[in-house]
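This report refers to the structure that appears directly beneath it.
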Amino acid sequence: MDCPEKAVIVPGNGGGNVESCIWYGWTKKKLDQITNFKCLLQNMPDPYKARESIWLPFLESELQCDKNTIIIGHSSGAAAAMRFAEKHPVYAIILVAAYTSDLGDDNERKSGYFNRPWQWEKIKANCRHIIQFGSTDDPFLPWSEQQQVADNLDAELHKYDDRGHFQNTEFHDLLNAVKKLIPKST
């Protein structure tokens with residue numbers, strides 16, 4: 001039976017050193033403490049535009065996401081995780097602040113994630129687990145789009161009304177969700 005061997009954190013767009021950005025580095029450090037498990041967190045190529053044509057090949061070849069990988073995607077990283085899972089089996093996707101459209105934003109439109117319909121059934125078929133974290137007070141994403149993701153993916157939805165765009169420095173609920181997917185880690 002397959003079991004998860006690693007997590008890959010795919011950040012939102014915006015650049016900067018991801019190790020010191022919001023909850024990413026904290027989560028990596030905590031997950032790296034789990035026996036026989038590792039967490040990858042790297043600065044992404046094309047960090048400001050987060051183009052699908054650059055990020056998805058990076059997930060496959062550099063970060064080697066596969067059937068034993070939990071992909072944790074935040075914002076643009078959630079869009080990347082969903083598109084990756086349309087074509088590749090992964091152990092799980094954990095979506096933080098996920099959305100379905102370019103939100104009328106030119107940079108989002110140019111990223112390439114939103115120029116065609118989402119293949120929800122393929123994503124579900126390629127993921128053993130789909131977990132989503134969303135907040136109704138997200139200043140960037142309407143709740144309707146976050147709910148649309150949850151509904152179409154039958155996601156295990158963790159809904160909040162006070163987390164905004166999940167830009168806190170620690171993320172205990174996410175850590176616990178990942179630990180539940182790893183045998184003998186809780």
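Computed from a predicted structure; not experimentally measured.
Heavy atoms of other residues, nucleotides or ligands lying less than 6.0 angstrom from NZ of K49 number 12 at most. In the displayed structure, N107 atom CG is contacted under 6.0 Å by more than 12 heavy atoms of other residues, nucleotides or ligands.
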Fill in: Steps toward side chain to side chain donor-acceptor pair (under 3.5 Å) verdict (E145, S101)
CA-CA 8 Å; E145 291 206 15; S101 79; 2.5 Å; yes
Practice prompt. Walk me through it: do R116 and E52 pass the test salt bridge (charged side-chain N to carboxylate O under 4.0 Å, His left out)?
Written response: CA-CA 12 Å; R116 61 200 183 280; E52 177 183 12; 2.5 Å; yes
Discussion item. Apply side chain to side chain donor-acceptor pair (under 3.5 Å) to residues D138 and S135 and explain how you reach the verdict.
Written reply: CA-CA 6 Å; D138 190 314; S135 192; over 6 Å; no
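At distances below 3.5 Å, at least one donor-acceptor pair connects side-chain atoms of D46 with backbone N or O atoms of R51. Side-chain atoms of Y113 come within 3.5 Å of backbone atoms of A50 as a donor-acceptor pair (strictly under, hydrogens ignored). With H74 contributing its side chain and A98 its backbone, the two residues share no donor-acceptor pair below 3.5 Å. Between the side chain of W23 and the main chain of Q167, no donor-acceptor pair closer than 3.5 Å is present. Using modelled atom types, no side-chain atom of E108 and backbone atom of L103 make a donor-acceptor pair closer than 3.5 Å.
Residue I131 is grouped with residue Y24 when hydrophobic side chains (ILVMFWY) are merged at heavy-atom distances under 4.5 angstrom, including chains of intermediate members. Cluster membership for F58 and L40, using ILVMFWY side-chain heavy atoms within less than 4.5 angstrom, is shared. Linking ILVMFWY residues whenever their side-chain heavy atoms come closer than 4.5 Å, directly or via other members, leaves W120 and L157 in distinct clusters.
In this structure, NZ on K29 lies 12.0 Å from CG on L41, to the nearest 0.5 angstrom. The distance from the OG1 atom of T136 to the CH2 atom of W143 is 7.0 Å, given to the nearest 0.5 Å. One finds the CG atom of N152 at 7.5 Å from the NZ atom of K124 (value rounded to the nearest 0.5 Å). Rounding to the nearest 0.5 Å places OH of Y91 at 15.0 Å from CG of N126. Taken from NZ in K6 to CG in D32, the straight-line distance is 12.5 Å, to the nearest 0.5 Å. Atoms CD and NZ, on Q146 and K159 in that order, are 9.5 Å from each other to the nearest 0.5 Å.
In this structure, the side chains of I130 and I94 stay at 4.5 Å or more apart for every pair of heavy atoms. Under the 4.5 Å side-chain criterion, counting only non-hydrogen atoms from C-beta, V10 is in contact with L59. Contact annotation: the side chain of V149 approaches that of Q132 to within less than 4.5 Å [non-hydrogen atoms, C-beta and beyond]. Counting heavy atoms from C-beta on, the side chains of L174 and T27 come closer than 4.5 Å. Between E60 and H88, the closest side-chain pair of non-hydrogen atoms falls below 4.5 Å. Contact annotation: the side chain of L95 approaches that of M82 to within less than 4.5 Å [non-hydrogen atoms, C-beta and beyond]. The shortest side-chain heavy-atom distance between I70 and F37 falls under the 4.5 Å cut-off. The shortest distance between side-chain heavy atoms of L31 and V178 falls below 4.5 Å.
Of all heavy-atom pairs between C127 and I93, the closest is SG-CG1, 3.9 Å. Pairing each heavy atom of T69 with each of V90, the nearest pair is O-CB, 3.7 Å. Residues L141 and A97 share a closest heavy-atom pair of CD1-O, 3.2 Å. The two residues W118 and T100 make their nearest non-hydrogen contact at NE1-O, 2.9 Å. Across P4 and L181, no two heavy atoms sit closer than the pair CG-O, 3.2 Å. A pairwise comparison of heavy atoms in K28 and C39 identifies NZ-O, 2.9 Å as the closest pair.
Cation-pi geometry between R163 and F166 is not met: the NZ or CZ atom fails to fall both under 6.0 Å from the ring centre and inside 45° of the normal. Note that R83 lies outside the cation-pi zone of W55, set by a 6.0 Å cut-off to the ring centre and a 45° limit from the axis.
Ring geometry for F171 against F133 counts as perpendicular: the plane angle is over 60°, on a 0 to 90° scale with 30° as the lower cut.
A ring-centre distance under 6.0 Å is found for H172 and W26. Between F114 and Y99, the distance separating the two ring centers is shorter than 6.0 angstrom.
Looking at K110 and D106, a side-chain N of the basic residue comes within less than 4.0 Å of a carboxylate O on the acidic one, giving a salt bridge.
Side chains of Y160 and D173: a donor-acceptor N/O pair is present below 3.5 angstrom, by distance only.
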